[in-house]
Structure formats: C-alpha cells, structure tokens
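Notes to accompany the following structure.
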Amino acid sequence: MTERAGLAPALFFLADGGMSLSDIRDRLEAACARHGRDPSGVTLIAVSKVQPLDRVEAVLAEGHRIFGENRVQEAQGKWPALREEFDGVELHLIGPLQTNKARAAMELFDAIHTVDRPKLAQTIARLAEEMGRCADIFVQVNTGGEDQKAGCHIDEADALVALCRNLKLPPRGLMCIPPVDDAPAPHFAALAKIAERNGLTGLSMGMSGDFEEAIAHGATHVRVGSAIFGDRVPG
Ligand SMILES: *Cc1c(COP(=O)(O)O)cnc(C)c1O
C-alpha cells in the first residue's frame with residue numbers, strides 16, 4: 001500500500017478488501033434486527049490502538065466519535081490533540097489499568113472497562129470523589145479463568161460489583177474477553193448471567209470476529225478494531 005496524503009490511505013486501504021465503518025454499522029444493525037434489539041442500545045466502540053493516525057482521522061472524519069484504547073500512555077499521546085480537532089470524542093479504556101495510572105486514566109477516559117480488583121476500585125472511587133466526576137465503570141470478568149488474563153475470577157464478580165456499589169462507584173456493567181481458542185458464545189452467556197443476577201444492564205463484549213454473536217447475547221458495547229481500521233501493524 002502506498003502512502004498518500006489526507007484521507008486517501010484509508011480509502012485506499014478500504015478498497016483493498018477491509019471493511020469500512022459503514023459496513024460494520026450495517027452488520028451491527030442487521031444483527032440487532034435478527035435478535036429483536038434496538039440498535040441504539042448497542043454502542044460501537046472503534047478500537048484505535050496502534051492504528052496509524054491517518055486511519056483514525058478518517059474514521060473521525062466519517063463522523064464516528066466513540067473510540068477505545070488499551071494503553072493509557074498511548075492514548076495520552078494521541079487523543080488530546082485529536083480532541084482539539086474533533087468535538088464530542090468519547091474515549092473508552094479497554095486495557096488493563098495499573099493503580100498508579102488511574103489518575104491519568106480518569107483525566108482522559110469517559111469509561112473504564114477494566115476494573116478487576118478491589119484496590120483499583122478503591123483508587124478510582126477516591127479519585128472520583130476528589131475530581132467530582134467519574135468515568136463509567138465496567139467490571140472485567142475473566143470468564144475463561146486464564147492465568148495470564150486480566151479480569152476478576154468468575155466467582156469473585158458478585159463481590160466486586162457489590163464493593164463498587166458500596167464505594168459509590170456503581171458499575172454500568174460487565175466486560176469480558178473470551179479466550180482466543182474458545183467459542184465465544186458460552187462466555188458471552190456467562191457474562192450476561194452474572195450481569196442479570198446483579199441487576200446490571202451493561203455488557204461490554206464482542207470484537208471484530210464475534211460482535212454479532214455478542215449482540216445476540218445482549219452486548220450493549222461492542223469493541224471493534226481491525227474490522228474497522230484494518231489489521232494492526234505488528235511491533
Ligand atoms: C484490541 C482489542 C479489541 C479489538 O480487537 P479486534 O479484534 O481488532 O476487533 C477489543 N477489545 C479489547 C479488550 C482489545 O484489547
């Protein structure tokens with residue numbers, strides 16, 4: 001692919017076999033129609049991590065405003081300038097959060113999908129009180145019980161939701177990332193079940209390869225990266 005100025009690289013890339021934002025929106029709406037859901041109940045988070053700036057700007061220029069990033073530092077380097085250029089940007093943190101980066105995250109993000117342990121919940125609650133505002137909170141559940149993956153254990157989810165509520169940090173919902181080698185549906189169903197018994201309506205689940213299935217299981221926030229922007233350039 002040759003580099004060109006302005007929007008051209010993204011358009012060239014799309015012609016190159018990738019999906020576009022409008023294709024993904026069409027698929028999202030079709031999935032909602034199949035499952036009797038109102039598309040306004042499903043937020044499309046465009047996951048822009050590691051993407052070249054011209055691709056991100058092209059999606060902003062198409063009118064999309066809701067983006068996801070998985071690293072605080074990367075987002076800090078990119079989004080303050082983009083926010084000056086484009087109004088109404090809403091940023092979601094979807095990657096693991098270290099306690100010592102919680103303040104920076106709270107300053108930058110409108111939603112944090114990765115609250116997965118009491119200490120982080122306590123830190124965010126303290127910052128929220130101090131700052132007089134709080135991001136939307138999702139409790140991340142490690143539905144696959146994978147050692148290397150973030151998220152609270154499935155058996156700890158109820159207690160962590162209760163703790164957040166006690167800290168006046170009522171979660172908007174739950175989030176999961178199914179193991180790459182598993183069929184995602186049972187993980188989506190498990191997350192929906194935990195949400196239901198805790199009276200939570202938000203479900204952050206579904207990525208490029210499985211967002212339609214997530215919608216079938218009640219996803220309210222789908223996190224779609226490569227299907228919108230193209231493959232992430234490794235390294
Ligand atoms: C990168 C990432 C996504 C998007 O993945 P794609 O497969 O590119 O859609 C979604 N959720 C999380 C937590 C991610 O880190």
Side-chain angles (χ1 to χ4, degrees), residues 10 13-14 16-28 31 42-53 55-56 58-59 64 66-76 78-79 90-98 101 105 108-117 120 135-146 148-152 157 171-185 187-188 190-191 202-235:
F13 153 77
L14 296 174
D16 216 18
M19 303 291 291
S20 70
L21 179 67
S22 63
D23 290 329
I24 297 301
R25 265 202 226 287
D26 288 348
R27 284 173 54 189
L28 186 153
V42 182
T43 300
L44 175 60
I45 302 172
V47 178
S48 49
K49 65 183 184 198
V50 203
Q51 295 291 348
L53 203 54
R55 289 187 190 170
V56 180
V59 170
H64 196 74
I66 305 171
F67 291 84
E69 290 282 344
N70 71 334
R71 287 171 190 272
V72 175
Q73 213 168 337
E74 182 187 338
Q76 276 177 318
K78 180 155 58 170
W79 283 100
E90 186 181 308
L91 271 190
H92 293 243
L93 179 64
I94 60 170
L97 180 57
Q98 292 169 265
K101 297 231 174 85
L108 190 61
F109 288 95
D110 302 289
I112 297 174
H113 291 236
T114 49
V115 175
D116 64 353
R117 56 198 191 277
L120 181 59
D136 280 343
I137 295 300
F138 291 78
V139 169
Q140 182 179 358
V141 184
N142 184 358
T143 55
E146 297 171 284
Q148 78 285 9
K149 201 167 269 176
C152 71
R172 173 99 179 262
L174 304 178
M175 179 272 214
C176 76
I177 310 170
V180 279
D181 296 326
D182 276 14
H187 296 273
F188 297 154
L191 197 72
L203 286 169
S204 167
M205 57 191 198
M207 308 178 17
S208 289
D210 55 22
F211 72 90
E212 288 143 314
E213 204 159 2
I215 288 170
H217 286 87
T220 58
H221 294 71
V222 293
R223 312 177 306 262
V224 181
S226 43
I228 293 175
F229 293 102
D231 289 336
R232 288 179 285 277
V233 185

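Both counts, for ligands and for their atoms, begin at 1 and track the order of listing. Remember, it's a predicted structure, so these values are computed and weren't measured experimentally.
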Fill in the blank from the handout: Here the pair of heavy atoms bringing L191 nearest to T143 is CD1-CG2, 4.2 Å
Exercise for the section: Distance to 0.1 Å, residue and atom name: give those for the protein heavy atom nearest to atom 12 (C) of ligand 1. Expected result: I94 CD1, 3.4 Å
Practice task
Please identify each residue that fulfils ring-ring contact (aromatic ring centres under 6.0 Å, His included) with H92, with sequence neighbours left out.
Solution key: H113
Handout entry: Minimum-distance protein heavy atom relative to atom 11 (N) of ligand 1
Key = R223 NE, 2.9 Å
Completion exercise
Here the atoms of ligand 1 under 4.0 Å from any heavy atom belonging to V224 are 9 (O)
Exercise for the section: With side-chain contact (heavy atoms from CB on, under 4.5 Å) as the test, would you mind laying out the steps for R55 and I228 before giving the verdict? Expected result: CA-CA 9 Å; R55 289 187 190 170; I228 293 175; over 6 Å; no
Exercise for the section: Look only at interatomic distance and state if N70 has a nitrogen or oxygen under 3.5 Å from any nitrogen or oxygen of ligand 1. Expected result: no
Handout entry: Nearest non-hydrogen protein atom, atom 15 (O) of ligand 1
Key = K49 NZ, 2.7 Å
Problem - ligand 1 versus R232: contacting region, heavy-atom distance under 4.0 Å - result: side chain
Practice task
Indicate the atoms forming the closest heavy-atom contact of V59 with F229, along with that distance.
Solution key: CG2-CE2, 3.5 Å
Exercise for the section: Could you find the nearest protein heavy atom to atom 5 (O) of ligand 1 and give me its residue, atom name and distance? Expected result: M207 CE, 3.5 Å
Under 3.5 Å donor-acceptor pairs involving side-chain atoms of residues 205-218, not counting sequence neighbours:
unit_1 : atom_1 : unit_2 : atom_2 : d
S208   : OG     : S226   : N      : 3.4
S208   : OG     : S226   : OG     : 3.4
S208   : OG     : A227   : N      : 3.0
D210   : OD1    : M207   : N      : 2.6
E212   : OE1    : R27    : NH2    : 2.9
E212   : OE2    : R27    : NE     : 3.1
H217   : ND1    : E213   : O      : 3.0

Problem - ligand 1 to G225 polar contact by distance, N or O atoms, under 3.5 Å - result: yes
Completion exercise
Between the CG atom in L93 and the CZ atom in R71, the distance rounded to the nearest 0.5 Å is 11.0 Å
Practice task
Indicate yes or no: at least one non-hydrogen side-chain atom of H64 is less than 4.5 angstrom from one of R25.
Solution key: yes
Exercise for the section: For I177, take its heavy atoms, then give the atoms of ligand 1 lying under 4.0 Å from any of them. Expected result: 13 (C)
Problem - Closest protein heavy atom (residue, atom, distance) for atom 9 (O) of ligand 1 - result: S208 OG, 2.5 Å
